[in-house]
Amino acid sequence: MTPISINGAARRVRLDVRDPDFYRNPLPAYAALHAECPAFFWEEPRQWYFAGYDQVNALLRDRRFGRQILHVATREELGLAEPKPHLKDFDALEAHSLLELEPPAHTRLRTLVNRAFVSRQIEQLRPEIEALSHAVIDTFEKDGGVELLKTYAETIPVTIIARMLGIPIEAAPCLLDWSHRMVKMYVFNPSVETELDANRASAEFAEYLKGIIAGKRAEPADDLLTHMITSEKDGERLSEAELVSTTVLLLNAGHEATVHQIGNAVRTILKSGLSATELFANEETTQRTVEECLRLAAPLHIFQRYALCDVEIEDGVALKKGDRIGLMLGAANVDPRKFSAPDTFKPDRDEGANVSFGAGLHFCIGAPLARLELNIALPILFRRLPGMRLKDEPPVKDSFHFHGLERLDLVW
Ligand code: HEM
């Protein structure tokens with residue numbers, strides 16, 4: 001039973017994101033929202049949310065909205081609570097993060113980082129990702145079964161992003177631990193324990209990176225971190241705080257979502273009953289398969305924006321400066337006005353792009369890297385283990401914003 005109650009006429013919705021029936025499979029709730037009111041006031045978080053493809057796509061690009069608000073208003077003006085002292089180290093990382101900035105600070109930082117992430121640069125990683133995928137499969141191929149997330153899905157993205165940045169790969173277990181503790185913050189109402197732990201992880205992570213940055217300053221190398229240290233734009237370099245924040249963001253964003261997308265994709269493909277040989281027959285079919293998995297089983301389902309001024313958007317939704325809105329990427333991807341039979345896995349559909357990587361100013365800088373990793377790691381896995389199947393129904397993580405699996409046990 002989908003635990004949703006919709007008052008279509010008033011555009012009001014009640015839905016508990018912690019209800020397992022919802023987060024395990026949000027598609028029935030999304031279908032109900034599309035049928036009755038794709039723009040709605042969600043009672044629990046008390047703000048407006050948007051589920052329609054066109055509206056989400058347009059709002060992501062709408063410059064009247066931003067990820068940040070404190071560059072145009074004070075906390076006092078907006079009645080926002082003061083920052084929590086026990087989140088000092090966590091907040092310090094967010095304050096200089098690309099993802100939390102708006103122009104002009106965002107433009108400057110993004111330009112400095114972007115060069116490393118354009119498709120031409122990223123394509124050069126192909127042989128390394130292929131070799132790594134094979135090497136990881138070699139470690140478990142003879143076992144007849146594996147838990148895929150902790151082995152394959154986690155190893156590839158963290159290794160590649162650490163190598164790109166020039167962080168020693170021996171640090172991978174620490175990087176994963178810090179990152180897991182920090183992303184626990186991105187749920188509705190994290191507990192004080194979660195906050196304290198995320199703050200400790202932020203402090204340890206920043207301390208570690210300051211040491212690495214000092215090393216690179218003394219001995220520059222051919223890697224992204226050295227490039228960020230030495231790059232200038234309009235005579236300005238990145239400050240130490242910006243370097244640390246950006247590196248944390250790249251390391252965290254660089255694997256958290258991709259890990260879950262590998263898991264979600266493997267599960268989707270195995271459950272579809274379609275032939276993996278045909279799905280991965282060539283580069284074009286592989287690309288279509290990867291994009292259809294990103295559409296139907298995206299790892300990130302919601303992002304927030306602040307109204308930067310008083311705004312009235314279509315349908316008469318009136319927002320005040322500082323109001324937050326939620327953009328439901330996962331729901332936009334299954335909008336029946338955009339995609340036919342949206343809950344069906346159909347890699348040969350030709351109905352336009354998914355919004356899993358966002359759109360506009362904050363469009364995922366790592367999309368070419370994530371796509372390359374998925375386009376390499378998935379076909380290699382299915383080719384090497386042709387008899388692969390689900391051992392049991394994989395448990396879904398108890399978080400809705402990050403839609404992923406707890407574990408993924410496979411046998412062959
Ligand atoms: C399947 C994997 C991934 C998905 C689905 C994904 C999704 C997203 C989305 C939706 C956003 C936009 C958020 C917003 O508009 O508020 C974003 C931003 C971002 N992503 Fe990704 N991402 C993935 C992988 C990566 C990777 C591999 C990296 C880095 C190596 C990365 C780095 C970033 C960064 C730095 C931003 C912030 C960009 C900005 O604010 O200008 N992501 N990602």
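Counting starts at 1 for both ligands and their atoms, following the listed order.
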Specify the protein heavy atom at minimum distance from [atom]: its residue, its atom name, and the distance to 0.1 Å.
atom: atom 16 (O) of ligand 1; value: Arg67 NH1, 2.6 Å
atom: atom 24 (C) of ligand 1; value: Ala253 O, 3.7 Å
atom: atom 37 (C) of ligand 1; value: Leu99 CD1, 3.4 Å

Does Arg12 qualify as a cation-pi partner of Phe41, given the criterion of NZ or CZ under 6.0 Å from the six-membered ring centre and within 45 degrees of its axis? yes
Within 45° of the six-membered ring axis of Phe339 and under 6.0 Å from that ring's centre, is NZ or CZ of Arg295 located there? yes
Is the shortest side-chain N to carboxylate O distance from Lys320 to Asp323 below 4.0 Å? no
Considering only heavy atoms, does Phe357 approach ligand 1 within less than 4.0 Å through its side chain, its backbone, both, or neither? both
Heavy-atom contacts under 4.0 Å between Ala367 and ligand 1: side chain, backbone, both, or neither? neither
Contact check, side chains of Thr247 and Ile167, non-hydrogen atoms, under 4.5 Å: yes
Is [X] in contact with ligand 1, taking contact as a heavy-atom separation below 4.0 Å?
X: His260; answer: no
X: Ala298; answer: no
X: Leu361; answer: yes

Given the side-chain rings of Phe22 and Phe400, with only the six-membered ring counted for Trp, is the space between their centroids under 6.0 Å? yes
Before giving the answer on side chain to side chain donor-acceptor pair (under 3.5 Å), spell out for Ser179 and Glu256 the whole-Å C-alpha distance, their side-chain angles and the decisive distance to 0.1 Å. CA-CA 8 Å; Ser179 156; Glu256 287 287 350; 2.6 Å; yes
When only distance counts, is Arg305 in polar contact with ligand 1, meaning an N/O pair under 3.5 Å? yes
Over 60° means perpendicular and under 30° means parallel, so classify the ring planes of Phe40 and Tyr49, tilted if in between. parallel
Which of the listed options, Cys293, Cys364, Gly366, Ala370, holds the heavy atom that is closest to atom 18 (C) of ligand 1? Cys364
